Colleague: 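The structure follows.
A, B, ... follow the sequence lines: proteins, then strands. Residue 1 opens every chain. Only a predicted model underlies this, so the values are computations on that prediction, with no experimental measurement involved. All values below come from the heavy atoms of this structure, side chains included, with hydrogens, waters and symmetry mates left out.
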There are 2 protein chains.
Amino acid sequence: MGIIERKEREKEEMRRLILDAALRLFREKGLDAVSIRNIAESIEYSPATIYLYYKDKSEILSALQYEAAAVKRDHVMPAAAIENPWERLVEFGRRYVDFGMKHPDLYDLLFITRAPMEFIENQQCWTLGMAVHSFFTETVQACVDQRYFKSTDTETIAYTLWCHAHGLVSLFVRERMRMYPEEKRQELAQKSFAMIVKMAESI
Amino acid sequence: MGIIERKEREKEEMRRLILDAALRLFREKGLDAVSIRNIAESIEYSPATIYLYYKDKSEILSALQYEAAAVKRDHVMPAAAIENPWERLVEFGRRYVDFGMKHPDLYDLLFITRAPMEFIENQQCWTLGMAVHSFFTETVQACVDQRYFKSTDTETIAYTLWCHAHGLVSLFVRERMRMYPEEKRQELAQKSFAMIVKMAESI
DNA sequence: TGTGAAAATAAACACTGTTCAGTATATTTG
DNA sequence: CAAATATACTGAACAGTGTTTATTTTCACA
């Protein structure tokens, strides 16, 4: 009865094959290049075959989002090693922004691209994203507990910091900084990060 | 020689007709519904005719962005009437966020939708956007001049505030606040706005 | 080796943006 | 007014998209 197990395995391998092809297309040529037909061609199968392994395109996109979420987690979580909650929070923020700057395509996919409805049902991705988000809010809570802020409204503090970081990255990612010369944008982002850190010290 | 003038006028009317149809489709059914064929059908012309008045689709999108920019300007500029620069700045921010919340589709078009290259060449839209942006930075400058901030780095202050406001709106617009119950999102946004105002007072 | 199930596909449908050859309409000229 | 020209418009096609269905191929098992 090892056959059904092998079949199961092969099915999983095929899903992986499709996903890797999608991921490669995405990273090499951008989201627009990720079409069912492109994926099919690159793995030398017919487009219809894709539908035997993924319900539709948004399910593939959803899977790509999970990949992106994993890369993001690996990028930011080293901050967890820092004992001091305030330093941990700052390092987390720095790493969050750095992730967005280094992987604009992945950041876009995670936080800007219109989420397909399946996103919600993609428990994996949601769970992973929430784990990182929880780490963030818990760190803010730790800062609150140790009186790093005057305010004790953890939720609003966390959200406000997130707004700034997300705004920072997404203005960059979607090219809304044209009024600043290109060589200055990175510098301005760094200055702004430093400023929000200073501001946060006096919430 | 009034004929060429009439022709000119008719050409302009046709461009307007196309744009209005595009705008209606956009507002009624979203950006995805704005297809050349949909526009053509709704004004009862052939799709090919559209191309006699607009170079391509991105030129139409660009024109839509201009419309959105005008709505935004009308929404935020009443703040200019306020004498006190700090109050003016706060009111501007409030109106900016309010615009995004009330017109998520327009905000999306202006600040999130991937800008077609023509955006840069769309002098009208760029000029209009820059005028509002200049008003914003000048207001920040006025605050700096009157020592409302400790910092004198106008550029970074302005950018930091913008980051927060944009992050606030765009997390909302692109539905990245699912971890908060829906009825709480608006409230959280307001609290966060109040918090950044407080924080700004101590830059 | 034949049979039933599983896997893969060709072909079609309904869309998309865009181009171009050809037609219809309006204006200018003889 | 009629013929020639210029302008406005369109049908049809091309290449692409996501998706579905009927059909064929492949494979495991009796």
Colleague: Compare side-chain N and O positions of B/Thr49 against OP1 and OP2 of D/dT10 and report whether any pair is under 4.0 Å apart.
Modeller: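 So the side chain of B/Thr49 is within the cut-off, an N or O lying under 4.0 Å from OP1 or OP2 of D/dT10.
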
Colleague: Provide, to the nearest angstrom, the distance between the NZ atom belonging to B/Lys11 and the C1' atom belonging to D/dA6.
Modeller: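 Answer to the nearest Å: 13 Å.
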
Colleague: Please report the distance, rounded to the nearest Å, between CD in B/Glu59 and P in C/dG17.
Modeller: 15 Å

Colleague: Using whole Å, report how far CD1 of A/Ile50 lies from C1' of C/dT9.
Modeller: 12 Å

Colleague: Looking at B/Glu67 and B/Arg16, is any side-chain nitrogen of the basic one under 4.0 Å from a carboxylate oxygen of the acidic one?
Modeller: yes

Colleague: Between B/Tyr45 (OH) and C/dT25 (P), how many Å, whole number?
Modeller: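 To the nearest whole Å, that distance equals 13 Å.
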
Colleague: Just to verify, which of A/Arg9, A/Met14, A/Arg15 counts as forming a side chain to side chain contact (heavy atoms under 4.5 Å, CB included) with A/Glu12?
Modeller: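 Running side chain to side chain contact (heavy atoms under 4.5 Å, CB included) over A/Arg9, A/Met14, A/Arg15 with A/Glu12 returns exactly one hit, A/Arg15.
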
Colleague: D/dC27 C1' sits how many Å from A/Glu10 CD, rounded?
Modeller: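 Interatomic distance, CD of A/Glu10 to C1' of D/dC27: 11 Å.
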
Colleague: Does the side chain of A/Tyr53 get closer than 4.0 angstrom to OP1 or OP2 of C/dA7 through an N or O atom?
Modeller: no

Colleague: For the residue pair A/Leu109 and A/Ala68, what are the closest heavy atoms and their distance?
Modeller: CD2-CB, 4.4 Å

Colleague: Below 6.0 angstrom between ring centroids: does that apply to B/Phe135 and B/Phe92?
Modeller: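 Judged by ring-centre distance (under 6.0 Å), B/Phe135 and B/Phe92 do meet the cut-off.
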
Colleague: Can you identify which nucleotide, out of D/dC9, C/dA8, D/dG11, has its nearest atom closest to the B/Leu52 side chain?
Modeller: D/dC9

Colleague: Parallel, tilted or perpendicular: which one describes the rings of B/Tyr148 and B/Trp86, with boundaries at 30° and 60°?
Modeller: parallel

Colleague: Nearest whole Å is fine: how far is C/dA7 C1' from A/Arg15 CZ?
Modeller: 16 Å

Colleague: What is the distance, rounded to the nearest whole Å, between atom OH of A/Tyr54 and atom P of D/dT20?
Modeller: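 For the pair A/Tyr54 OH and D/dT20 P, the rounded distance is 17 Å.
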
Colleague: Grab the CG-C1' distance between A/Leu17 and C/dA8 for me, whole Å please.
Modeller: 14 Å

Colleague: Between the protein and nucleotides 16-18 of chain D, list the N/O to N/O atom pairs that are separated by less than 3.5 angstrom.
Modeller:
residue, atom, partner, partner atom, Å
D/dT17, OP1, A/Ser35, OG, 2.9
D/dG18, OP1, A/Ile36, N, 3.1
D/dG18, OP1, A/Lys57, NZ, 3.0
D/dG18, OP2, A/Ile36, N, 3.0
D/dG18, N7, A/Arg37, NH1, 2.4
D/dG18, O6, A/Arg37, NH2, 3.0

Colleague: Tell me if the aromatic rings of B/Tyr180 and B/Phe172 count as close, with their centers under 6.0 Å from one another.
Modeller: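 Here the rings of B/Phe172 and B/Tyr180 have centres that are no less than 6.0 Å from each other.
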
Colleague: Does the separation of the ring centres of B/His103 and B/Tyr107 fall below 6.0 angstrom?
Modeller: no

